[in-house]
Amino acid sequence: MFRQFRTAVADALDAAVSAAGYEVDDLGIEEPPADVDATLASSVAFPLASAAGAPPPQVAAEIAAEIDPASVDYLASVQTRGPYVNFHTDESYVTDTVTAAGADDWGQLPSRGESVVVEHTSANPTGPVHVGRARNPIVGDAISNALSYAGYDVDRHYYVNDAGRQMAVFAWAYERFDESELPAPERDKPDYDLVRYYRAGNAFLDPDDDTWPATEAEIEAAEAEIEALMKGFEGVAGGDEDAYERVTEVVDTVLDGMRQSLDRLGVSFDEFVRETRFIRDGSTDELVDRLESLDEAVYEEEAWQLDLSEFGIDKNFVFRRSNGTTLYTTRDAAHHEWKFDNYDRAVTVIGEDHKLTFDQLDLTLQLLGNDTDQLTQVFYSWVNLASGEGMSTREGTGVDLDELLDEAVERARAEVEARLDDRLRDDELTPADVDRIARQVGTGAVRFDIVAKQPAKAITFEWDRALDFEAQSAPYVQYVHARCCGIESEAAEAAVDPASDLDPERLDTPEERALVREIARFPAVIETAAEDLEPHRVAAYVRQFAETFNAFYRECPVLSAEPERASARLTLVVAARNTVANALDVLGVDAPASM
RNA sequence: GGGCGCUUAGCUCAGCCUGGACAGAGUGCUUGGCUUCGGACCAAGCUGUCGCGGGUUCAAAUCCUGCAGCGCCCA
C-alpha cells in the first residue's frame with residue numbers, strides 16, 4: 001500500500017507544482033521523522049522558494065492548496081508544517097494494508113520476469129568453513145532471498161574451484177598419505193577428515209615445516225606429480241580423465257562436509273558449478289582464442305596477457321601461461337559468459353581481497369563484447385579475530401563455522417533453560433522444543449548479527465557480542481513472532497476470530513496506527529533491499545518493527561477488548577506476524593512459534 | 001609508491017547512494033513497571049568537535065576536495 005500511496009502522492013505533487021506555476025527536478029518526497037504524524041512528506045518548497053520569491057512555508061501552503069485529496073488514492077489530507085508538505089493516509093489505507101498483510105505471501109512483489117544468478121561463498125574446498133568466510137553465505141543467502149521476494153527468479157550458485165594448484169596438492173596428498181599416519185580428525189565430518197591430508201601435504205612440500213620432513217628429492221618428485229595432475233585437469237592437450245576423477249573424489253568429499261555446515265546455517269544452493277566444467281566443454285579455450293586476438297593482448301615474459309593500463313588498471317592480466325595452462329580468472333571469464341547466456345543478471349558476493357581480480361574480470365568481459373551492467377558484485381570485509389579471542393582448539397587456525405554454531409546453540413540452550421521456570425505462559429516445552437528453540441535462537445542470532453551490518457565494514461569477531469541475545473538481536477525479533485503466535489492460539493481457544501470485514505475505526509489508537517504504518521512499508525523495504533543488494537536494511541526494519549509491535553502489545557490488549565475490537569486487533573496481529581515472519585525469512589532467521 | 005574501502009555516543013552499529021524537520025538505536029549507567037494476550041518485555045533520564053581542514057548550497061553526517069588513522073589489494 002505504501003508503494004501505491006507513494007506513487008499516487010508523487011503524481012499529485014508533480015501536478016500541483018505545475019499547477020502553481022513552478023518547475024522542479026526533485027519532488028523531495030521522504031518519510032517524515034517519527035514524531036510527525038504523516039505517512040509521507042515533501043521538502044519541495046525549499047528549492048522553489050527562491051524562484052517564487054517567497055518563503056518556503058508560503059510556497060508549501062500554495063502547493064498544498066493545489067492538491068485535492070479526494071482525487072488521490074489513499075490520501076486523506078494534505079497539511080503543511082512550516083516549509084514541509086505532509087501527506088496523511090485515509091481509512092482505506094488501513095483496511096487495505098491489514099488485509100493485504102493477512103496473506104502469507106505479504107512482501108512478495110509481483111514477478112519481474114527476470115532471472116538472476118547469485119554466486120556466493122565459493123570457498124575453495126580445502127577444508128572446513130572458517131568463520132571469517134561465514135559472512136559470505138549469510139549475506140549471499142539474504143541477498144538471494146531479498147531478490148526472490150522482490151520478484152526475481154533466483155538461482156543460487158556455489159562456484160567450485162576444482163582446477164587449481166591447491167586441488168592438485170590435495171589430490172596428491174590424499175593418495176600419498178595413509179590415514180594411520182595422521183592425527184585423529186577434530187570432528188566426525190568429511191571435511192575435517194580430509195583436511196588432515198591437505199595439511200600434511202602442505203607441510204611435506206614446505207621445507208621449513210618439519211611436521212613432515214622431506215628431502216629435496218622427495219619434494220621435487222611430489223611437485224612433478226602435482227604438476228602432472230594440474231596439467232591433466234587444466235585441459236592441456238585435451239585433458240586427462242584420470243586426473244579429473246582423482247581430484248573430483250577429494251573435492252566432492254570435502255564439499256559434502258562444507259555443505260553440512262552451511263545447511264546448519266540454513267544456507268543451500270541450487271547448483272555447485274565446477275570450474276573444470278568450463279575447461280572440459282571447450283569454452284575456456286575458445287575464450288582464450290578470442291582474448292589473443294584483442295588489441296590489448298600482448299605476449300610478454302612467456303605468457304599471454306591483457307594490457308589494461310588504458311582502463312586504469314596497471315597490472316597486466318595474465319590469461320595463459322607459457323606451458324599452455326590457463327589461470328583462474330580466465331576460466332572465471334568463461335564461467336561468467338555462461339552466466340550471461342543463461343541469466344538476465346548476475347550478482348557475486350565476494351571478499352574485498354578479490355577487488356582487483358574482479359575489476360580485471362569485468363573489463364575483460366567488456367572487451368569480449370559482454371554487457372557487464374548485468375553483473376554486480378557485493379564486497380564484504382574480512383572478519384577479524386580479537387586477540388586472545390576465538391582461538392580454536394586447533395591452534396592458531398581460528399574459529400570454524402561449526403564451532404561458532406555449536407557455541408551459539410549451547411548458549412541459547414542455557415538461556416532457554418534458565419528461563420523455563422519463570423515463563424508466564426503455561427505451555428509445556430518438551431525437550432524437543434528446547435532443542436528446537438536453542439537451534440533457532442542460536443543460529444538466528446549468528447545470522448542476524450552478521451547480516452544486520454553493512455558488509456563493507458570490517459568486523460571483529462567476539463563471542464560475547466556475536467551471541468548477545470539482548471535487544472537489537474534475532475531473539476528480540478523472534479520473540480515478537482512467538483508472541484503473535486501465542487495470541488493467535490489463545491484467540492482460537494477463546495473463539496475470537498479475525499475480522500472478516502475489517503472496520504478501520506476499530507484500529508484507531510496511535511499504537512495501532514503506528515503498527516499499520518510499519519506493516520505497510522514492508523514491501524517497499526524489500527524493494528529497496530533488493531535493488532541496492534543491501535539486506536541489512538531488512539534487519540534494521542524488522543528490529544524497528546518489533547519495537548513498534550511491542551508498543552502496540554503493551555497498550556492494546558486483544559482478547560480482553562470488546563468483541564468487535566478484539567477481532568480487529570487479532571486481524572492486525574496476524575498481519576504483524578506475517579510481516580515479521582517474512583522479514584525474518586528474507587534474513588534467513590527462523591521464526592519460532594514458541595520460545 | 002599506486003588503487004579501493006572504512007572513520008557517527010564509553011562500546012557495537014543504523015542514517016550517507018537520492019542534501020531538508022532537534023543526529024538515531026542497542027549496550028552501559030540511574031529510576032520505575034508483572035492478580036493482565038508470553039518480562040528474551042516496556043517507560044523515563046544521562047551520554048556526540050558525525051576523524052580533521054577547505055569548498056559547493058537557502059540548507060552538509062550526507063555532495064566535492066586535501067589530509068590523517070585503520071583495513072584490503074598491487075608492485
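A, B, ... follow the sequence lines: proteins, then strands. Residue 1 opens every chain.
- Remark: A:Asp141 pairs with A:Arg156, A:Arg447 by the salt bridge (charged side-chain N to carboxylate O under 4.0 Å, His left out) rule, at least two apart or across chains.
- For residues 568-580 of chain A, the pairs satisfying salt bridge (Lys or Arg N to Asp or Glu O under 4.0 Å) are A:Glu488-A:Arg577, A:Glu512-A:Arg569, with sequence neighbours left out.
- Of the candidates B:C72, B:G38, B:G5, B:G5 carries the atom nearest the A:Lys355 side chain, counting heavy atoms from C-beta on.
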N/O contacts under 3.5 Å, protein versus nucleotides 61-63 of chain B?
none

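- Atom CZ in A:Phe311 sits roughly 22 Å away from atom P in B:C74 (whole-Å rounding).
- In the set B:C74, B:A25, B:A40, the nucleotide with an atom closest to the side chain of A:Lys315 is B:C74.
- With sequence neighbours left out, A:Arg513 forms a salt bridge (charged side-chain N to carboxylate O under 4.0 Å, His left out) with A:Glu91.
- The partner of B:A59, taking Watson-Crick or G-U wobble pairs whose two distances both stay under 3.5 Å, does not exist in any strand shown.
- Across the strands present, B:G66 finds its partner in B:C52; the criterion is a Watson-Crick or G-U wobble pair with both atom distances under 3.5 angstrom.
- A:Glu555 is linked by a salt bridge (charged side-chain N to carboxylate O under 4.0 Å, His left out) to nothing, counting only residues two or more places apart in sequence or in another chain.
- For B:G71, the paired base is B:C4 (Watson-Crick or G-U wobble, both distances below 3.5 Å).
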>> So if I define the base as every atom that isn't primed, P, OP1 or OP2, how would nucleotides 13-21 of chain B read as a B/S/- string at a heavy-atom cutoff under 4.0 Å?
In response: SSSSBBSBB
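- Contact check on A:Glu534 versus A:Arg537 returns a salt bridge, with a Lys/Arg side-chain nitrogen under 4.0 Å from an Asp/Glu carboxylate oxygen.
- Going from atom CG of A:Asp449 over to atom P of B:U12 covers 13 Å, rounded to whole Å.
- For A:Val318, the side chain to side chain contact (heavy atoms under 4.5 Å, CB included) partners at least two apart in sequence or on another chain are A:Ala303, A:Gln305, A:Leu327.
- A salt bridge links A:Arg411 with A:Glu407: the distance from a Lys NZ or Arg NE/NH1/NH2 to an Asp or Glu carboxylate oxygen falls below 4.0 Å.
- Where A:Glu415 and A:Ser560 meet RNA chain B, the nucleotide closest to each residue was compared, and A:Ser560 sits on the side nearer the 5' end.
- Searching all strands for a Watson-Crick or G-U wobble partner of B:C37 with both distances below 3.5 Å returns nothing.
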> Could you walk me through whether A:Glu527 and A:Leu109 pass the side-chain contact (heavy atoms from CB on, under 4.5 Å) check?
Replying inline: CA-CA 8 Å; A:Glu527 188 177 39; A:Leu109 307 184; 3.9 Å; yes
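- Between A:Ile313 atom CD1 and B:C73 atom C1' the separation is 12 Å, expressed in whole Å.
- Contact annotation for A:Ala482: base contact, defined as any heavy-atom pair under 4.0 Å involving a base atom.
- Using a 4.0 Å heavy-atom cutoff across all strands shown, A:Val441 reaches at least one base atom of the nucleic acid.
- Sorted by residue number, the members of residues 549-559 of chain A with any non-hydrogen atom under 4.0 Å from RNA chain B read A:Asn550, A:Tyr553, A:Arg554, A:Cys556, A:Pro557, A:Val558, A:Leu559.
- A:Ala593 comes within 4.0 angstrom of a base, heavy atoms only.
- For the pair A:Met595 CE and B:G39 P, the interatomic distance rounds to 12 Å; values are reported in whole Å.
- As rounded to whole Å, 14 Å separates atom C1' of B:C4 from atom CD of A:Gln360.
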Donor-acceptor pairs are to be reported for all side-chain atoms of residues 43-54 of chain A against protein atoms at under 3.5 Å, with residues two or more places apart or in another chain.
none

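- Formation of a donor-acceptor pair under 3.5 Å by the A:Arg483 side chain with backbone atoms of A:Gln478 is not found in this model.
- B:C73 atom P lies 20 Å from atom CG of A:Asp362, rounded to whole Å.
- Between A:Tyr380 atom OH and B:G71 atom C1' the separation is 15 Å, expressed in whole Å.
- Pairing for B:C46 goes to B:G28, judged as Watson-Crick or G-U wobble with the two contacts each under 3.5 Å.
- Nucleotides B:G20 and B:A43 are separated by 27 Å at their P atoms, to the nearest Å.
- Pairs of residues two or more places apart, or lying in two chains, that qualify as salt bridge (Lys or Arg N to Asp or Glu O under 4.0 Å) and include a residue from residues 27-44 of chain A are A:Glu31-A:Arg521, A:Asp37-A:Arg517.
- Evaluation of the side chain to side chain donor-acceptor pair (under 3.5 Å) rule for A:Ser42 yields no partner, not counting sequence neighbours.
- B:G51 and B:C46 have their C1' atoms separated by 25 Å, with the value rounded to a whole Å.
- If you take CD of A:Glu511 and C1' of B:C37, they are 16 Å apart, rounded to a whole angstrom.
- Of the candidate nucleotides B:A40, B:C42, B:C37, B:C37 has the atom lying nearest to any side-chain atom of A:Ile487.
- By the side chain to side chain donor-acceptor pair (under 3.5 Å) test, A:Asp508 pairs with A:Arg565, sequence neighbours left out.
- Between B:G39, B:G5, B:C72, one nucleotide has an atom nearer to the side chain of A:Glu352 than all others, and that is B:C72.
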